[in-house]
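Along the sequence shown, residues carry numbers from 1. Only this structure's heavy atoms are used, side chains among them; waters, hydrogens and symmetry mates stay out.
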Amino acid sequence: MAEATIAPRVGTTSGSPDWTRKYPPLLALFAAVLIALVVLPSSLNLPQTNPSQTLEFAPVPPEDNTDVPPPAGNLASLGLASNTGVTGDGALGGDGPGAGGETPPPPSELDPSLPPPGDIAPDVKTPSTKRCIGNPPRQTEDPLSPPCQAFFDGDNFGETYQGVSAEEVRILFYLEGFITYLTRSEGNESTPDQTYFDLGQPPANGETEHVLVRTLRVWQRYYNERYQTYGRFVRFFVYYSGNDDSPEARRADAIDNFNKIKPFAVLSYGQTNNDAYLEAMAQRGVLNFGSFLGREAAFFAEYPKFIWGYLPTLEIQARQYASFVCTRIAGKPVAFGSPAQNGQPRTYGLLVSGDPDRPELTKLQQAVRPLLEKCGITVEVERSFPRSGYAQDNSTTPDFATQNMAAFQGAGVTTILWPGGIETQQSKAASQIGYTPEWVLLGDGVSEGFATNQFQDQTVWNGHVWIVTNQVKAGDLDDSIC
């Protein structure tokens with residue numbers, strides 16, 4: 001698979017700034033899907049009809065087979081399966097009692113062909129309808145994966161929440177448009193802006209779809225083959241935004257997406273002003289996953305149960321970064337800078353984002369500063385860069401980076417503290433003047449990626465940067481990403 005670098009649509013005439021390569025959210029896409037795998041099934045929990053094994057988040061059958069399994073999952077506090085909203089009692093099969101406070105009947109009453117509790121023959125095997133792995137069967141190849149529940153036959157109690165019917169669960173992926181992905185297997189692939197895709201249907205006329213649609217078709221098949229959804233097909237929809245990323249455009253997208261799809265949940269990957277999209281969806285009762293940009297705790301608290309993200313809150317990220325710097329960097333000599341600097345006392349510079357379209361980075365940096373001061377970090381020089389989030393950006397000239405690195409070098413800065421934001425002109429400017437400092441970067445879920453780091457000047461970057469991150473690295477990303 002070719003490298004996932006991306007550039008703007010050629011020939012556009014919009015007022016959106018021009019860029020040549022913008023980092024694709026493929027890694028964040030996968031992480032968000034995994035979050036959804038954990039949380040999604042809580043709205044599908046049902047009394048079981050004689051499961052031989054159960055999911056981690058499915059009802060747990062009693063040991064003596066005499067009581068009805070409770071309908072609550074391990075995220076029962078979500079309260080998703082409901083007729084009156086996510087905070088009320090659940091519909092049958094949901095997280096609360098059934099409508100009117102009724103207790104779901106035993107499986108044998110729902111399906112007379114099933115034996116009553118206690119009369120299940122131990123040597124009777126149920127057919128397997130899921131692709132289980134290993135022995136005992138698990139959902140995935142991960143040895144820590146929950147058990148695989150391979151069979152369900154019974155009443156799934158129909159509609160339990162908006163976007164969840166007896167036949168399907170509707171999941172929408174909101175993807176950033178106005179991007180061209182370079183050097184893909186199909187060549188350069190431009191996003192089909194403001195277009196819907198129903199992955200429950202085959203490609204139209206056998207056409208080759210965009211790389212992210214192709215990827216999501218694989219994820220859709222994987223999910224439906226591995227996870228027990230009680231007779232429901234988990235159906236993916238995809239929508240690409242246009243080149244207008246204003247708050248008004250994000251809210252308009254949310255309204256249109258909701259009216260056309262009525263999803264149970266959305267995995268959103270808008271960058272600039274994406275909060276407006278999340279809020280509009282949450283106000284309509286749609287669960288939001290994939291909020292991969294940092295946000296304050298207050299933002300999540302405003303919409304409890306509706307907005308979920310892989311990254312911790314900004315406050316937690318700031319504490320983790322400051323803790324690393326204060327325990328591993330402060331008071332210690334240079335260890336991963338140039339040979340001439342190593343072993344010398346550290347002098348600190350601070351490099352921050354000045355991008356007005358990335359207010360979360362400004363908040364993150366503001367949270368980091370006082371924590372660094374508490375452990376005695378004194379910043380000699382502070383510099384900024386004008387735009388963040390792009391592996392390569394042609395909307396500005398690199399003069400700012402040249403001035404930044406000259407200021408750091410002139411002040412004898414050995415260690416550049418960089419609390420968030422992707423930018424690759426700094427390393428190039430440092431290389432041009434023969435300046436090889438230590439870089440201590442706060443990872444944001446994207447800057448850790450190989451497709452971003454390949455645009456850094458490796459003479460001053462490789463071996464000289466530490467990234468404080470919540471992302472889990474499994475093997476060599478360059479080899480294993482595909």
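Arg358 has no carboxylate O lying under 4.0 Å from a charged side-chain N of Glu423, or vice versa, which leaves the two without a salt bridge. Checked for salt-bridge contact, Arg170 and Glu168 meet the test: a charged N lies under 4.0 Å from a carboxylate O. Taking 4.0 Å as the cut-off between side-chain N and carboxylate O, Glu209 and Arg217 count as a salt-bridged pair. A salt bridge links Lys363 with Glu296: at least one charged nitrogen is closer than 4.0 Å to a carboxylate oxygen.
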| task | Could you walk me through whether Trp308 and Phe300 pass the ring-ring contact (aromatic ring centres under 6.0 Å, His included) test, one step at a time? | result | CA-CA 8 Å; Trp308 301 79; Phe300 292 99; 8.8 Å; no

| said: Applying side chain to side chain donor-acceptor pair (under 3.5 Å) to Asn470 and Gln320, what does each step give before you reach the verdict? | reply: CA-CA 9 Å; Asn470 291 281; Gln320 290 177 333; 3.2 Å; yes

| query | Could you go step by step and tell me if Lys130 and Glu225 meet the salt bridge (charged side-chain N to carboxylate O under 4.0 Å, His left out) rule? | reply | CA-CA 5 Å; Lys130 298 295 178 180; Glu225 287 180 348; over 6 Å; no

| ring-ring contact (aromatic ring centres under 6.0 Å, His included) between Tyr321 and Trp418: does it pass, once the steps are laid out? | CA-CA 10 Å; Tyr321 180 76; Trp418 188 340; over 10 Å; no

| Yes or no on salt bridge (charged side-chain N to carboxylate O under 4.0 Å, His left out) for Arg250 and Asp275, after CA distance, side-chain angles and deciding distance? | CA-CA 8 Å; Arg250 296 296 193 194; Asp275 285 5; over 6 Å; no

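Between the side chains of Asn274 and Tyr269, not a single donor N or O lies within less than 3.5 Å of an accepting N or O. Looking only at atom types and distance, the side chain of Glu159 has no donor-acceptor partner in the side chain of Ser165 under 3.5 Å away.
Gln162 places a side-chain N or O within donor-acceptor distance of the main-chain N or O of Gly285, the cut-off being under 3.5 Å. Proximity of a side-chain donor or acceptor of Ser388 to a complementary backbone N or O of Ile422 within less than 3.5 Å is detected. A side-chain donor-acceptor contact under 3.5 Å links Asp198 to the backbone of Gly200. Listed for the Arg232 side chain is a donor-acceptor partner under 3.5 Å among the backbone atoms of Gly158. Formation of a donor-acceptor pair under 3.5 Å by the Gln139 side chain with backbone atoms of Ser145 is not found in this model. Asn243 places no side-chain N or O within donor-acceptor distance of the main-chain N or O of Phe178, the cut-off being under 3.5 Å. Proximity of a side-chain donor or acceptor of Asp256 to a complementary backbone N or O of Ala252 within less than 3.5 Å is not detected. Within the 3.5 Å criterion, the main-chain N or O of Asp355 finds a donor-acceptor partner in the side chain of Ser353. With hydrogens and angles disregarded, no donor-acceptor distance shorter than 3.5 Å links the side chain of Ser241 to the backbone of Glu176.
The aromatic rings of Tyr239 and Tyr174 sit parallel to each other, their planes meeting at less than 30°, with 60° as the upper class boundary. Relative ring orientation between Tyr222 and Trp219 is described as perpendicular, the plane-to-plane angle rising above 60° on a 0-90° scale split at 30° and 60°. Classification of the Tyr240-His210 ring pair by plane angle, with boundaries at 30° and 60°, yields perpendicular.
Counting all heavy atoms, side chain and backbone alike, Asp244 lies closest to Ala249 at O-CB, 3.3 Å. Pro263 approaches Leu172 most closely through the heavy-atom pair CB-CB, 4.0 Å. Scanning all heavy atoms of the two residues, the minimum distance from Leu278 to Ser268 falls at CD2-OG, 2.9 Å. Heavy atoms only, all atoms of each residue included: Asn273 and Pro247 are closest at ND2-CD, 3.4 Å. Closest non-hydrogen pair, Gly231 versus Phe152, comes out as N-CD2, 4.0 Å.
Listed by chain and residue number, Arg226 satisfy the side chain to side chain donor-acceptor pair (under 3.5 Å) test with Glu141 (two or more places apart in sequence, or in another chain). For Glu189, the side chain to side chain donor-acceptor pair (under 3.5 Å) criterion is met by Arg214, not counting sequence neighbours.
Separation of atoms OH (Tyr230) and CG (Asn156) is listed at 10.5 Å; rounding is to 0.5 Å. How far OG1 of Thr140 is from CG of Asp142: 4.5 Å, rounded to the nearest 0.5 Å. Taking CD of Gln201 as the start and CZ of Phe237 as the end, the distance is 8.5 Å to the nearest 0.5 Å. To the nearest 0.5 angstrom, Phe236 atom CZ is 13.5 Å from Ile261 atom CD1. Between Tyr196 atom OH and Leu199 atom CG the span is 14.5 Å, to the nearest 0.5 Å. Between Leu182 atom CG and Asn188 atom CG the span is 4.5 Å, to the nearest 0.5 Å.
For the pair Gln317 and Leu314, the minimum side-chain heavy-atom distance is below 4.5 Å. Side-chain contact between Phe264 and Ile171 is present, with heavy atoms from C-beta onward closer than 4.5 Å. Put simply, the side chain of Leu175 reaches to within 4.5 Å of the side chain of Val238, judged on heavy atoms. Proximity of Cys148 to Tyr227: side-chain heavy atoms (C-beta onward) are nowhere separated by under 4.5 Å.
Taking the centre and axis of the six-membered ring of Phe299, the NZ or CZ atom of Arg295 falls inside the cone set by 45° and 6.0 Å. Taking the ring centre of Phe258 as origin, the terminal cationic atom of Lys260 falls outside the region bounded by 6.0 Å and 45° from the ring axis.
Close placement of the Trp439 and Trp461 rings is indicated, their centers lying within 6.0 Å of each other.
For the side chain to side chain donor-acceptor pair (under 3.5 Å) with Tyr277, the qualifying choice from Asp245, Asn257, Asp253 is Asn257, the only one to do so.
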